[in-house]
Amino acid sequence: MENILLLLNDPIVLSVLLALIPLVFILVYALVVLYGEMKMAAHIQNRLAYMENGWHGTLQPFADMLKLLQKEDIIPDAADKFFFMLAPYLVFVGTYASFAVVPFSSEYVGSNIDLGIFYMVAVSSLVVVGLLMSGWASNNKWSLFGALRSAAQIVSYEIPGVLAILGVVMVLGTMNMQTMTQMQDGGIQNWLIFGGNFPLGQKLALIPFMFVLFVIYLLSSMAEVNRTPFDLPEAESELVQGYNTEYSGMKFAIFYLAEYANLFLVSAVVVIMFFGGWTSPFGSFMSGPVWSAFWFVFKGMAFVFLNIWLRWTLPRLRVDQLMYVSWKVLTPFALFSILAIGFIMVI
Amino acid sequence: MIETSIDIAKTSTGKSLRTEEMVVNMGPQHPSTHGVLRLEVVLDGEIVVDVIPHMGYLHRCFEKHCEHMTSYQQVIPYVDRMDYVAAMTNEHAFVVAAEKLLKIEVPERVHYIRIIMAELQRIASHLIAIGTFGIDMGAFTPFLYYFRDREKILDLFEMTCGARLLYNYMWIGGLSHDLPPQFIDKAKEFVRDFKKTWKEVNDLLNYNEIFIKRTANVGILPKDLAINYACSGPMLRGSGVNWDLRRDDPYTLYDKFEWNVTVGKGEMGTVGDVWDRNIVRQNEMWESLRIIEQALASIPEGDVQKAIPKRIRPVPGDAYGRIEGPRGELGFYIVAEDSVTPYRIKARAPAFVNLSVINEISKGAMLADLVAIVGSIDIVLGEVDR
Amino acid sequence: MDSRVRGNDIRKIMTAFTSYFNDIYRAVSSAMIGMRITIKQMVSPTVTLQYPRVKKQMPDRVRNRLYMNFDDCIGCELCAKACPVDCIDIEVLKAPPTVDLGTTSTGQKKRIYVTKFDIDIAKCCYCGLCVYPCPTECLKMTDVYEFSEYDRHNLIYNFGTMTPNDVETARSKVKQYDEEQAAKKAAAAAQAAAAKAAASANPAPQAPSVPPAQNPESQKSSETPTT
């Protein structure tokens with residue numbers, strides 16, 4: 001007993017345990033969102049899904065995970081073994097490392113650094129490397145196609161995304177994600193989407209541009225995660241699963257997990273930047289360390305829900321149209337908004 | 001394996017030594033080629049340079065089988081299985097051809113019921129065409145909505161003849177069963193409910209901007225090319241040619257009904273692009289509903305089995321009968337000798353003829369567009385390979 | 001000239017500008033309309049039938065597995081001829097008139113032994129063409145659709161109820177009758193030959209110049225063989 005307490009007081013062990021909290025969250029969340037997405041897709045399509053295991057199929061995600069874990073791990077003969085095996089882990093690491101700076105509640109943030117968002121943007125680019133690796137190492141023309149398309153897509157959608165983040169950073173004046181959230185504390189009127197904690201004139205002037213930046217960041221984040229309408233890299237009907245084609249078993253499970261983790265990550269960033277992170281919409285009612293964790297997860301899941309809704313409604317964009325949207329629509333709007341925000345903040 | 005064409009001095013397009021071209025196989029098993037069709041695609045990056053379709057994976061020697069049947073009525077289950085998605089259409093074409101050969105006059109009630117069944121089948125076939133086309137484009141939901149309505153049509157068929165997909169319903173000289181008593185009410189109910197779904201999916205899929213951007217100005221089939229390649233059906237009408245066999249070469253009393261023929265007008269892009277063909281199919285469903293309503297309101301009484309011959313032994317000769325199927329002009333050329341067995345039955349499958357134009361219209365398109373083009377031709381491999 | 005070209009350029013720029021914004025507006029509005037439709041369907045009831053627990057009600061005319069009532073079969077083989085895929089395999093034996101095989105439930109007398117009646121339900125294409133020609137309506141299509149087997153040979157349904165013993169008995173009966181008939185025929189032929197021989201050994205009254213009908217003696221001798 002004393003040994004355990006001594007162990008817990010050791011700074012390294014403590015930090016390792018704290019770093020594992022997002023991992024636990026991701027694993028639990030992945031099961032929930034897997035079930036939720038399939039059920040939601042089913043009800044949109046007027047059908048039931050997952051009714052057999054457990055009440056209305058709630059135990060089905062466990063069955064899915066168990067199935068993936070016990071599958072035979074096939075590596076194609078002519079594939080580049082080292083890169084083939086490394087790729088899924090790179091993708092997962094790129095996502096998981098970004099969770100370090102995400103504040104889950106008013107008391108918990110993995111690492112309260114002043115470079116928060118900048119670090120996150122930088123680290124999540126590891127995902128591109130992982131995808132390219134998986135496409136090339138699979139030794140399969142279709143995987144290569146998927147990987148190349150995906151690389152082009154992610155790299156070109158980072159620009160409007162980062163510009164949107166830049167706009168928010170200009171308004172709030174800090175890159176530290178915990179500080180950003182704290183600046184939006186105090187009720188729904190302080191959320192950045194409604195103008196932020198500023199005098200009324202400035203607030204009203206900011207609202208349209210904040211809305212534009214919100215939409216830009218939402219779209220570019222959907223493209224980063226490869227969700228429809230931007231899911232060309234995994235376009236099932238054309239490329240038979242794209243860069244994922246040759247993967248089976250545990251590696252495929254890691255890709256899947258990484259995709260869902262990435263989805264929550266970008267939803268979390270949207271929530272933190274525009275919708276007040278872990279702050280409660282009622283001001284001080286229902287706030288506190290545990291309540292704020294609840295609000296954060298609730299708002300994050302709301303945006304995951306929005307993503308799922310869009311996926312099952314819209315068809316897919318073609319590669320050149322994707323590029324058109326990024327370079328000719330999102331980037332000009334983002335640049336223009338930043339110009340306008342600069343004016344507003346100075347005046 | 002990534003094959004570059006370094007070793008090939010000239011590619012199939014005749015250009016010399018382009019080292020960046022990749023030969024890719026959209027093989028027989030592929031989620032979006034609608035069956036076992038193999039497309040050999042020569043790509044330059046994302047742009048298609050050449051497409052060579054290889055078919056025959058579903059060839060079942062239907063025409064040879066027919067030469068060993070002991071009766072013309074026995075051919076009907078075989079004919080069903082050619083285009084398994086729209087089986088009533090095949091039967092209709094065959095009985096039109098056979099009744100032309102044998103010079104049989106069927107009662108008027110038989111004509112009306114055949115028209116109702118053919119139009120219901122046309123709607124069912126277009127539901128699959130548009131639904132699977134949506135899936136190719138990435139929109140997964142309209143397919144499910146349309147299949148919910150196709151179930152209702154299949155229930156109507158099952159109530160009448162006992163089978164859901166391969167009916168053996170239209171016989172030479174009549175029908176195998178008369179309509180059950182609850183058919184007319186259920187059919188009217190279906191027509192009412194389907195109008196709602198039609199409008200919903202029209203908004204969800206056809207007028208969705210992303211879908212328009214994917215399909216407008218893609219796979220343009222010019223008018224003269226369509227006529228030269230003998231395309232028919234929505235492919236021909238999508239290119240602006242106002243030709244519909246139900247109106248221009250009437251069979252089975254179609255001249256008694258009033259409906260519009262939809263022709264592609266290039267509303268969202270050029271005339272003859274993929275969007276036009278899709279909207280022609282969508283609007284054809286609406287017009288079929290009109291025909292069904294008119295037919296249901298005025299079915300005459302009669303005995304549907306009166307004119308079925310006991311034994312079919314035709315006078316030697318030949319006949320070609322054709323109808324307007326959901327995919328195009330479906331025709332049967334029957335050569336009869338003095339025996340109960342047909343001498344030769346040749347099926348003119350519209351999907352086979354329409355597929356031949358794919359090389360011409362997909363040059364210069366991207367790989368994603370190729371999927372859209374193949375989806376818009378609306379092939380069913382059972383018909384292409386027979 | 002210059003101003004007209006300039007005017008054209010400005011018009012082009014303006015149309016490009018407006019079409020750019022038009023595109024964006026249309027994309028967003030059509031996406032919103034689509035989203036409204038899907039969310040409305042999400043809260044509508046589902047249409048799924050949870051199959052193994054809830055089975056769909058089949059209509060009366062449904063064409064599923066074949067059933068045959070063997071007692072009513074008269075061995076006419078019309079069904080085998082009508083089948084387009086030749087999945088009905090029948091072997092018959094014509095029964096001698098002395099054997100009474102009974103009558104069918106529709107009142108027809110059975111005159112044929114049906115020694116084998118197999119339907120290979122794996123080949124059957126469920127077209128129903130065999131049902132119509134049957135004169136006694138013994139072949140029917142039921143509504144059973146769950147009849148998968150582990151072994152392909154279990155899908156050959158043997159409807160015939162004659163055991164190999166029965167078949168042997170029937171064959172022997174037929175053979176016996178045939179032999180009897182042959183014996184009778186032989187006896188009759190022998191008698192005819194005997195009568196002919198007797199007639200040819202008769203005296204002259206059967207001379208060719210007198211037509212046989214007028215001669216009472218030849219009339220009598222022509223009547224003898226008919227016993």
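Throughout, a chain's letter reflects where its sequence line sits, starting with A, and its residues are numbered from 1. Note that this is a predicted model, so its numbers are computed, not measured.
Contacts between C:I37 and chain A at a heavy-atom distance below 4.5 Å are absent for every atom of the residue. Of the atoms belonging to A:L219, not a single heavy atom falls under 4.5 Å from chain C.
Using a 4.5 Å heavy-atom cut-off against chain C, the contacting residues of residues 39-46 of chain A are A:M40, A:H43, A:I44, A:N46.
Using the six-membered ring where Trp is involved, A:F333 and C:Y20 have ring planes that are parallel, under 30° apart on the 30 and 60° scheme.
The environment of OH in C:Y145 is crowded: more than 12 heavy-atom neighbours from other residues, nucleotides or ligands sit within 6.0 Å. Within a 6.0 Å radius of CD in C:E137, no more than 12 heavy atoms belonging to other residues, nucleotides or ligands are found. Within a 6.0 Å sphere centred on NZ of C:K185, other residues, nucleotides and ligands contribute 12 heavy atoms or fewer. The number of heavy atoms from other shown groups lying within 6.0 Å of CZ (C:F147) is above 12. No more than 12 heavy atoms of other residues, nucleotides or ligands sit less than 6.0 Å from atom CZ of A:F62. For A:M345, the CE atom is densely surrounded, since the number of other residues' heavy atoms within 6.0 Å is greater than 12. Remark: C:D9 CG is packed, more than 12 non-hydrogen atoms of other residues, nucleotides or ligands lying under 6.0 Å away. More than 12 non-hydrogen atoms from other residues, nucleotides or ligands lie less than 6.0 angstrom from OH of C:Y51.
Side-chain atoms of A:T313 never come within 3.5 Å of backbone atoms of C:M35 as a donor-acceptor pair (strictly under, hydrogens ignored).
To the nearest 0.5 angstrom, A:R47 atom CZ is 8.0 Å from C:T48 atom OG1.
Highest contact tally toward chain A, considering only C:I39, C:D23, C:V47, is held by C:I39 [criterion: heavy-atom pairs under 4.5 Å].
C:T38 and A:W309 share a donor-acceptor pair across their side chains, judged by distance under 3.5 Å alone.
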